[in-house]
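Values reported hereafter were calculated over all heavy atoms of this structure, with side chains retained and with hydrogens, waters and symmetry mates removed. Sequence lines set the chain letters: A, B, ... in the order given, protein chains first and strands last, and positions in each chain run from 1.
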There are 2 protein chains.
Amino acid sequence: MAASGAIQIGELSRRTGCNIETIRYYERIGLLPTPSRRGRFRSYAREDVARLGFVRRARELGFTLDEVRALLGLANGGESRCADVRDLAASHLKDVRERIADLERMERVLADSVRACDAGLEPGCPLLDALGAGSRDAEAA
Amino acid sequence: MAASGAIQIGELSRRTGCNIETIRYYERIGLLPTPSRRGRFRSYAREDVARLGFVRRARELGFTLDEVRALLGLANGGESRCADVRDLAASHLKDVRERIADLERMERVLADSVRACDAGLEPGCPLLDALGAGSRDAEAA
DNA sequence: TCTACCATCTGTAGTAACTACAGATTCAAG
DNA sequence: CTTGAATCTGTAGTTACTACAGATGGTAGA
């Protein structure tokens, strides 16, 4: 609205959906530049909104803060090396897929146990039995 | 091998696949009982192997340590209330499914970006474009 | 003018579930 | 007697925030 476009941290928070404490945290760890001040208060411009938005979206895609830092560097570093970005994304994608696979393994066991419990055909408790399995002798394969 | 079956922490670690530091950590937070000592060294019995195995398997299913504590209580508390176990598992299952859904959302965007990059039909960098999208005005929907 | 309130400030500590030391002992074997 | 492996205690670091406590500043209403 204002011609200058300068906003305070609260407004930046509202526009990006990013918690105020988190914004200050990002600043502390150097993910966001030290902002100028209006008196004692931090003052942000249009480009700060963009940068924080970038960070937020990268976080939503599951990138770690270190990866976000790298992405920011690649995005701002003159000729943004798309190949490097691609590699970072591909490596992260691999990680995401592994986590999905892990969770799906858990999902199967849990769903089976709950189903077995609901069916009520087993003598004991299906989940406790699954967890107690191998208690006699836990030989690592 | 020994008639008593008493083992040290290293052997417990080997049998359960659980790190020694982690075993001591579990003891500190009360997940495992304070073991007896042979001199200054912790001494474990068969049932400790079983209990730690239970904890490990529960962790592999993604239960938090607090949930594991609850499960241990339900398992050991006389008439183990299977219904309570079921509810805990069902609630955790819901959580696991939400996490899978989150990761799959990430997976889709990442895979699309990498694919678009490999295709090389776009002018800019697909991922950076996706992350920068909305930088002009980040309106929360 | 006084007072209340709101946003902001700094700095620290807490969260989950480990992991990684440093530095001291102790046991058994050669 | 010395060496090495295993264990001990205690503390600090990790990730990405979140939650205060206590101070300060500017504005708005009575």
Side-chain N or O of [X] less than 4.0 angstrom from OP1 or OP2 on [N]?
{"X": "R24(B)", "N": "dT9(D)", "result": "no"}
{"X": "Q8(B)", "N": "dT7(D)", "result": "yes"}
{"X": "T22(B)", "N": "dT19(C)", "result": "yes"}
{"X": "R37(A)", "N": "dT10(C)", "result": "yes"}
{"X": "N19(A)", "N": "dT18(D)", "result": "yes"}

Between [X] ([atom1]) and [N] ([atom2]), how many Å, whole number?
{"X": "R38(B)", "N": "dA6(D)", "atom1": "CZ", "atom2": "C1'", "result": "15 Å"}
{"X": "F41(A)", "N": "dT24(D)", "atom1": "CZ", "atom2": "P", "result": "13 Å"}
{"X": "E60(A)", "N": "dA16(D)", "atom1": "CD", "atom2": "P", "result": "15 Å"}
{"X": "E11(B)", "N": "dC27(C)", "atom1": "CD", "atom2": "C1'", "result": "17 Å"}
{"X": "R28(A)", "N": "dT12(C)", "atom1": "CZ", "atom2": "C1'", "result": "9 Å"}
{"X": "Y25(A)", "N": "dA19(D)", "atom1": "OH", "atom2": "C1'", "result": "15 Å"}
{"X": "Y44(B)", "N": "dA6(D)", "atom1": "OH", "atom2": "P", "result": "16 Å"}
{"X": "R14(A)", "N": "dC6(C)", "atom1": "CZ", "atom2": "P", "result": "14 Å"}

Subject >> Donor-acceptor contact present, side-chain H92(B) to main-chain T64(B), <3.5 Å >> reply: no
With a non-hydrogen cut-off below 4.0 angstrom, is [X] in contact with a base, only sugar-phosphate, or nothing?
{"X": "I20(B)", "answer": "sugar-phosphate"}
{"X": "R42(A)", "answer": "sugar-phosphate"}
{"X": "R59(B)", "answer": "sugar-phosphate"}

**OP:** Answer yes or no: side-chain N or O of R40(B) and base N or O of dT26(C) forming a donor-acceptor pair under 3.5 Å.
**Re:** no
Original post:
Between E122(B) and A116(B), what is the shortest heavy-atom contact and its length?
Top reply: OE2-CB, 3.6 Å
Subject >> Considering all heavy atoms, the nearest L127(B)-A89(A) contact >> reply: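 That would be CD2-CB, 3.7 Å.
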May I ask you to say whether [X] pairs ionically with [Y], meaning some side-chain N is under 4.0 Å from a carboxylate O?
{"X": "R69(B)", "Y": "D66(B)", "answer": "yes"}
{"X": "R24(B)", "Y": "E27(B)", "answer": "no"}
{"X": "R105(B)", "Y": "D102(B)", "answer": "yes"}

Original post:
Closest nucleotide of DNA chain D for I9(B) versus for T64(A): which of these residues is on the 5' side?
Top reply: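 Per heavy-atom nearest nucleotide, the more 5' residue is I9(B).
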Original post:
Between F63(A) and G10(B), which is nearer to the 5' end of DNA chain D once each is assigned its nearest nucleotide?
Top reply: G10(B)
**OP:** Measure from the side chain of E21(B), starting at C-beta and using heavy atoms only, and say which of dA20(C), dA17(C), dC17(D) lies closest.
**Re:** dA20(C)
Original post:
Considering only side-chain heavy atoms of Y26(B), which listed nucleotide, dC8(D), dC18(C), dT19(C), is closest?
Top reply: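 Output: dC18(C).
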